Amino acid sequence: MEIKKISKFNPKINVAFVINSVNELDKSFFSSAEQNYIKTQHKADNKIVVVNRLTQFIFVVFTDKGNDYKTCQITRKAACKLVEKANELKISELTINTNIQSSFAFAESLLLTNYQFLKYFSEKKENSLKKIGWFGKLSTVEITEISNIAEATNLTKNLVNEPVSALNATQLAEETKKLGKIAGFKVEVLNKSKIEALKMGGLLAVNKGSVDQPTFSILEWKPAKAKNKKPIILVGKGVVYDTGGLSLKPTPNSMDLMKCDMAGAAAVIGTLYALSKNKIPFHVIGLIPATDNRPGGNAYAPGDVITMYNKKTVEVLNTDAEGRMILADALSYAQKYKPELVLDVATLTGAAAAAIGHYGVVAMGNTDKKTMDKLKESGNNVYERIVEFPFWDEYNEQLKSSIADMTNLGNGSGGAITAGKFLEKFTDYPYIHLDIAGPAFIKTQVDYISKGGTGVGVRLFYDFIKNYK
Ligand code: BES
Ligand code: ZN
Ligand code: ZN
C-alpha cells in the first residue's frame with residue numbers, strides 16, 4: 001500500500017475524517033441527519049463511525065488530542081481499526097482528511113496494519129486497500145519518511161516469517177545485499193573460510209552441526225556529513241533456526257517458532273534500510289553473525305571448550321545457549337571500529353519472554369544513564385517499551401567454569417541477565433543488550449502489529465539514532 005500527499009480534497013470519493021471531537025465535523029459536508037448519527041455513535045463510545053452514501057463510504061475516526069506517546073498509541077489503534085473496516089468493505093482507495101497532532105503515528109499505523117505475508121498461500125486473499133491519499137497535516141517529506149520506516153519494518157517481518165527452508169544463513173546474507181543495493185547501504189559478507197581465517201570460534205562451533213555454511217555480514221551506512229565521528233554499531237542475532245543443537249529443545253512446541261531466532265538480525269537489516277533510505281546523518285554499522293543451530297554430524301557438544309574470536313575460552317554447558325556464542329564473536333569484532341556505542345538485539349532467552357511477555361523489550365547495559373534514558377524515550381515514542389533489568393556484576397559468579405574462562409550457562413536465576421553478562425565480557429565500549437525473545441514473534445495479531453514476525457527493533461533504533469545528538 002502507498003500513501004500519497006494530495007493538495008486538493010475530492011469530497012466525492014471514499015474518505016476518512018480523523019478528528020478529536022464532534023465539534024470538528026465539517027458542517028458543509030455532512031447533512032444534519034448524518035451529523036446527528038455521528039454524534040449519537042460517538043456518545044455511545046464508537047471510535048469509528050461509517051456513513052454509507054451509496055457512491056462513497058465516509059469514515060469518521062475519533063482519537064485523542066495531543067502527540068504524547070500514550071495518545072500516539074491510541075491513534076495507532078484507531079488507524080488499525082480504520083484499515084480493518086476498509087478491507088472488510090473491499091475498499092481499494094481512501095482519502096485521509098486530518099489535522100490531528102498525532103498524524104505521524106496514524107499514517108505509520110495504516111502502513112503497518114495493512115501488512116500481510118501471503119507468499120505461501122496458493123490462493124492469496126489480499127487486502128483490498130491499496131492507495132491512501134493524504135490530505136492535511138504531514139508534508140511530502142514526512143510521508144516519504146514514514147513510508148520508508150514502514151517499508152523497512154514490513155520487510156523485517158518478511159525476513160522473520162520466512163522459514164529456514166527458504167532462508168538459511170547464506171540466503172539471509174544474499175537478501176541483505178539486495179536490500180543494501182536498494183536502500184544505499186554497503187554490505188560485505190564474510191563466508192565460512194573467511195570466518196575460519198578470523199578464528200570466530202563461537203560462530204564456527206554453533207555451525208558445526210549444520211550442513212549449511214555460516215555467514216558474517218557487515219552492513220554500513222556512512223553518510224558524507226555524519227554527526228558522529230566514531231560509529232554506532234548494531235549487532236543482531238542471526239540464528240536462522242534454533243533446534244537447541246545436541247541440547248535439543250524439549251518437545252512439545254518449543255521449536256515451532258524458532259525460525260524467528262534471527263529476528264535481531266532482521267531488525268538490524270531493517271534499521272540500516274530505514275536509516276539509509278531516509279539519509280539519517282549518523283554513521284552506523286550493522287554486524288550479523290548467522291547460522292542455524294542443529295544437532296547434526298559433528299555438532300558442538302556440552303563439555304566442549306571453545307576458543308572464541310577474542311581468544312577467551314568458553315565451556316559449553318548447553319548448546320541451546322547458542323545465541324551468546326555467535327554474538328560474543330560479533331561483539332569482540334566490533335572493538336576494531338572503536339565504536340561510540342554498541343547495541344545488540346537478540347531473541348536470546350526464554351527468561352526475558354517469561355518475565356515481561358510480548359509487551360516490551362528487555363534491556364540492560366553499562367552506558368551512561370543519559371544514553372539508556374534516551375533509548376527508553378524512543379521505546380515510548382514508538383511504543384516498543386523498554387524495561388531495564390539490573391546488570392550487577394554479581395551475576396558473573398554464575399558463569400565461572402572449572403575448566404575454562406567462563407561457561408555459557410548460568411544457574412537459571414536471572415537467566416536473561418546472565419546471558420547479558422556473558423556478552424558484556426566481549427565488549428570494551430559503552431554497551432546495551434536488548435532481549436526481544438518476547439516481542440519478536442506473536443501468535444495472534446495485537447492491533448497494528450500483525451501475527452508472526454513483528455519487526456520489533458526497527459522503529460526503536462530508527463527513532464533512537466535519528467534523535468541521537
Ligand atoms: N532462541 C532461544 C531463546 C528464545 C526462546 C527465543 C523463546 C524466542 C522465544 C535461545 O537460543 C535459547 O534457547 N535460550 C535458552 C538459554 C538457556 C539454555 C540458558 C533458554 O532461554 O531456555
Ligand atoms: Zn537456543
Ligand atoms: Zn536461539
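Note that ligands are numbered from 1 as they come in the structure, with each ligand's atoms numbered from 1 the same way. Predicted model only: the values in this text are computed from it and were never measured.
Distances from the Zn ion (ligand 2) to the N/O/S atoms of Glu322 are shortest for OE1. When the N, O or S atoms of Asp261 are ranked by distance to the Zn ion (ligand 3), OD2 comes first.
Backbone or side-chain N, O or S atoms of Lys237 reach the Zn ion (ligand 3) at under 2.8 Å.
Between Lys277 and Glu145 there is no salt bridge, since no side-chain nitrogen of the basic residue lies less than 4.0 Å from a carboxylate oxygen of the acidic one.
Protein heavy atom in closest approach to atom 20 (C) of ligand 1: Gly350 N, 3.8 Å.
Remark: side-chain polar atoms of Lys237 are paired, donor with acceptor, to backbone N or O of Thr347 under 3.5 angstrom. No donor-acceptor distance shorter than 3.5 angstrom exists from the side chain of Glu384 to the backbone of Gly379, with no hydrogens or angles considered.
Counted by atom type alone, Glu162 and Tyr120 present one or more donor-acceptor pairs between their side chains at under 3.5 Å.
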Is there a ring pair (Phe, Tyr, Trp, His ring centres under 6.0 Å) between Phe426 and Phe422 once you walk through the steps?
-> CA-CA 8 Å; Phe426 298 85; Phe422 177 93; 5.3 Å; yes
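Contacts between Asp320 and ligand 1 below 4.0 angstrom, taking non-hydrogen atoms only, involve backbone and side chain alike.
Compare Asp435, Leu409, Val206, Thr349 by their heavy atoms: the one nearest to atom 17 (C) of ligand 1 is in Leu409.
At least one heavy atom of Arg324 sits less than 4.0 Å from an atom of ligand 1.
Here the angle at the Zn ion (ligand 2) defined by OD2 in Asp242 and OD1 in Asp320 stands at 100°, rounded to 10 degrees.
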